[in-house]
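Step one of this worksheet: look at the structure below.
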Amino acid sequence: VNYADTSPVTYNHYELTELVDIEACKKAGVKICSEGLPIMGSEDFSLYQVVIPGVFILLGTRDENHTFPIHSDYFDYNDKGTIFGVNIYC
């Protein structure tokens with residue numbers, strides 16, 4: 001087995017994470033946006049984070065009409081998630 005370590009760990013910058021969380025909560029109108037355990041995923045976004053601090057977020061798009069997970073054959077993307085995601089950065 002040959003293994004090549006091609007990407008560093010995706011690690012969110014603490015202060016930026018706090019800022020994004022506060023702004024996302026404001027946009028969503030809720031008090032707490034991020035709860036849960038860290039996940040150990042590999043993502044090429046980490047290559048950007050080598051150069052500049054960054055925040056990788058998971059944007060939830062599930063509602064009563066969009067219930068299948070992203071890797072399901074039945075997944076139907078909820079366009080409202082895109083609008084909310086863009087607004088976080090505005």
Side-chain angles (χ1 to χ4, degrees):
V1 174
N2 291 327
Y3 174 78
D5 185 14
T6 57
S7 295
V9 172
T10 303
Y11 181 80
N12 285 343
H13 186 269
Y14 180 78
E15 287 84 10
L16 290 177
T17 301
E18 291 292 313
L19 177 63
V20 169
D21 190 43
I22 290 167
E23 292 303 314
C25 288
K26 282 182 193 175
K27 305 279 180 167
V30 296
K31 292 185 180 181
I32 299 174
C33 288
S34 61
E35 279 190 356
L37 298 173
I39 55 174
M40 188 62 180
S42 177
E43 178 60 46
D44 58 2
F45 181 77
S46 65
L47 297 171
Y48 291 109
Q49 292 176 310
V50 170
V51 179
I52 187 168
V55 179
F56 185 86
I57 65 171
L58 299 175
L59 182 61
T61 61
R62 184 174 291 192
D63 65 15
E64 62 278 351
N65 298 316
H66 302 86
T67 58
F68 291 99
I70 194 166
H71 294 291
S72 166
D73 292 344
Y74 301 103
F75 178 73
D76 179 26
Y77 184 74
N78 184 350
D79 295 331
K80 293 176 187 174
T82 301
I83 295 165
F84 179 72
V86 169
N87 282 329
I88 290 173
Y89 292 102
C90 293

- Message: As a quick check of understanding, evaluate side chain to side chain contact (heavy atoms under 4.5 Å, CB included) for D63 and H66, giving each step before the final call.
- Response: CA-CA 5 Å; D63 65 15; H66 302 86; 2.8 Å; yes
Shortest non-hydrogen contact from [X] to [Y]?
{"X": "I70", "Y": "F75", "result": "CA-CD1, 3.5 Å"}
{"X": "F56", "Y": "T10", "result": "CB-CG2, 3.9 Å"}
{"X": "Y77", "Y": "G81", "result": "OH-C, 3.9 Å"}
{"X": "N12", "Y": "Q49", "result": "OD1-NE2, 3.6 Å"}

- So, S7 side chain and D44 main chain: donor-acceptor pair closer than 3.5 Å or not? no
- Query: Is the backbone N or O of I83 less than 3.5 Å from a side-chain atom of N87, with the two atoms forming a donor-acceptor pair by type?
  - Reply: yes
- Query: Heavy-atom count around Y48 OH within 6.0 Å, excluding the residue itself: above 12?
  - Reply: no
- Item | Hydrophobic cluster of Y14, others only, ordered by chain and residue number, side-chain cut-off 4.5 Å | none
- Query: How about S46 and V9: do any of their side-chain heavy atoms sit closer than 4.5 Å?
  - Reply: no
